[in-house]
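Note sheet for the following structure.
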Amino acid sequence: MSEISLEQRVETLEKQLRELKDQRKDCLSMVVFSNDLDKILAALIISVGAAAMDTEVRLFFTFWAISALRDKNKKIKGKDMKSRMFGSMLPHGTEQLKLSKMNMEGIGRDMIRGLMKEKNVTSPEELLSTAAELGVKINICEMSMDLMGFKKEEMIDYPDLSYCGVATFLADAGESSIQLFI
Amino acid sequence: MMTEDLTNIKVDKSVDARGTSCPGPLLAAKKAIGEIENGQVMEVLSADEGTRRDIPKWCTKKGYEYLGTLEEAGYYKIFLRK
């Protein structure tokens, strides 16, 4: 027989539950890893949807996904040969992203883009500007930038864009109520 | 709320989001809700089946009162009270 009454145990549990709830913010932390058009689209729709529901959104762009944030009109000089090679083979911004399936040398991508217009699905370009308006934060992995030879000067103009390391993502994700990897 | 009540309800703000897909209607609703006072009624018009399910969830989260949905020809009228 337990000496602690049921009432006391419930009270303790409720207190612990309150503490647990308090630790999590109404915040979405997402790792955006892929630079596939379809996956970037999903990441942006979820982000804009969350922001529309007044959830704070922090995106951590790493590896391939960083190429989706390049500005095709910004030309960078002074890169070494390997960086130039990487740079030329990867997309310059969302307009150049490929589909993860059925891309068919760009035919599939063009078809999807056409269908999206037909069915009023917002393009990644528009979603990015809406995300900016709604205050979605973008953090870019500094190590990946360095690895692929990307320069900060070739990234898009986005109001809340900064560079960070994995610890920032982990700290953000740790206090967020939703964490995703795309 | 009964369907009869919804057809006669006084709407303070109408948001026509029939030209957009997810998350367009939700965004339109979020923008418009700031333009009405607490207690006022807003309707969201959407051709999107998903929005019909999304708006009540948004209402729950934001503490608005979801009043119900009317099915019109080719679109939905979704009602809520701020």
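Letters A, B, ... mirror the listed sequences (proteins, then strands); counts begin at 1.
Under the 4.5 Å side-chain heavy-atom criterion for Ile, Leu, Val, Met, Phe, Trp and Tyr, B/Leu67 and B/Ile78 are members of distinct hydrophobic clusters. B/Leu6 and B/Ile36 sit in two unconnected hydrophobic clusters of ILVMFWY residues. Membership requires side-chain heavy atoms under 4.5 Å apart, directly or through other members. In this structure, A/Val121 is not a member of the same hydrophobic cluster as A/Met111, with clusters built from ILVMFWY side-chain heavy atoms closer than 4.5 Å.
If you take CG on B/Asp48 and CG on A/Asn120, they are separated by 10.0 Å, rounding to the nearest 0.5 Å. Atom NZ of residue A/Lys119 and atom OG1 of residue B/Thr20 lie 15.0 Å apart, to the nearest 0.5 angstrom.
Counting non-hydrogen atoms of neighbouring residues, nucleotides and ligands closer than 6.0 angstrom, the CD atom of A/Glu7 reaches no more than 12 such neighbours. Within 6.0 Å of the NZ atom in B/Lys57, the count of heavy atoms belonging to other residues, nucleotides or ligands does not exceed 12. Around the CE atom of A/Met104, the shell of radius 6.0 Å holds more than 12 heavy atoms that belong to other residues, nucleotides or ligands. The 12-atom threshold is exceeded at CE of A/Met89, counting heavy atoms of other residues, nucleotides or ligands nearer than 6.0 Å.
Residue B/Lys62 comes nearest to A/Met53 through the heavy atom pair CD-O, 4.2 Å, listed as atom of the first residue, atom of the second, then distance. The heavy-atom pair separating B/Leu27 from A/Ala52 by the smallest distance is CD2-CB, 4.1 Å.
Remark: the backbone N or O of B/Ser21 is not paired with any side-chain donor or acceptor of A/Thr122 at under 3.5 angstrom.
Looking at A/Ile46, there are no atoms closer than 4.5 Å to chain B (heavy atoms on both sides), in backbone or side chain. Looking at A/Thr130, only its side chain comes within 4.5 Å of chain B, counting heavy atoms on both sides. With a 4.5 Å cut-off on non-hydrogen atoms, A/Glu133 touches chain B through its side chain but not through its backbone.
Looking at B/Lys30 and A/Asp54, a side-chain N of the basic residue comes within less than 4.0 Å of a carboxylate O on the acidic one, giving a salt bridge.
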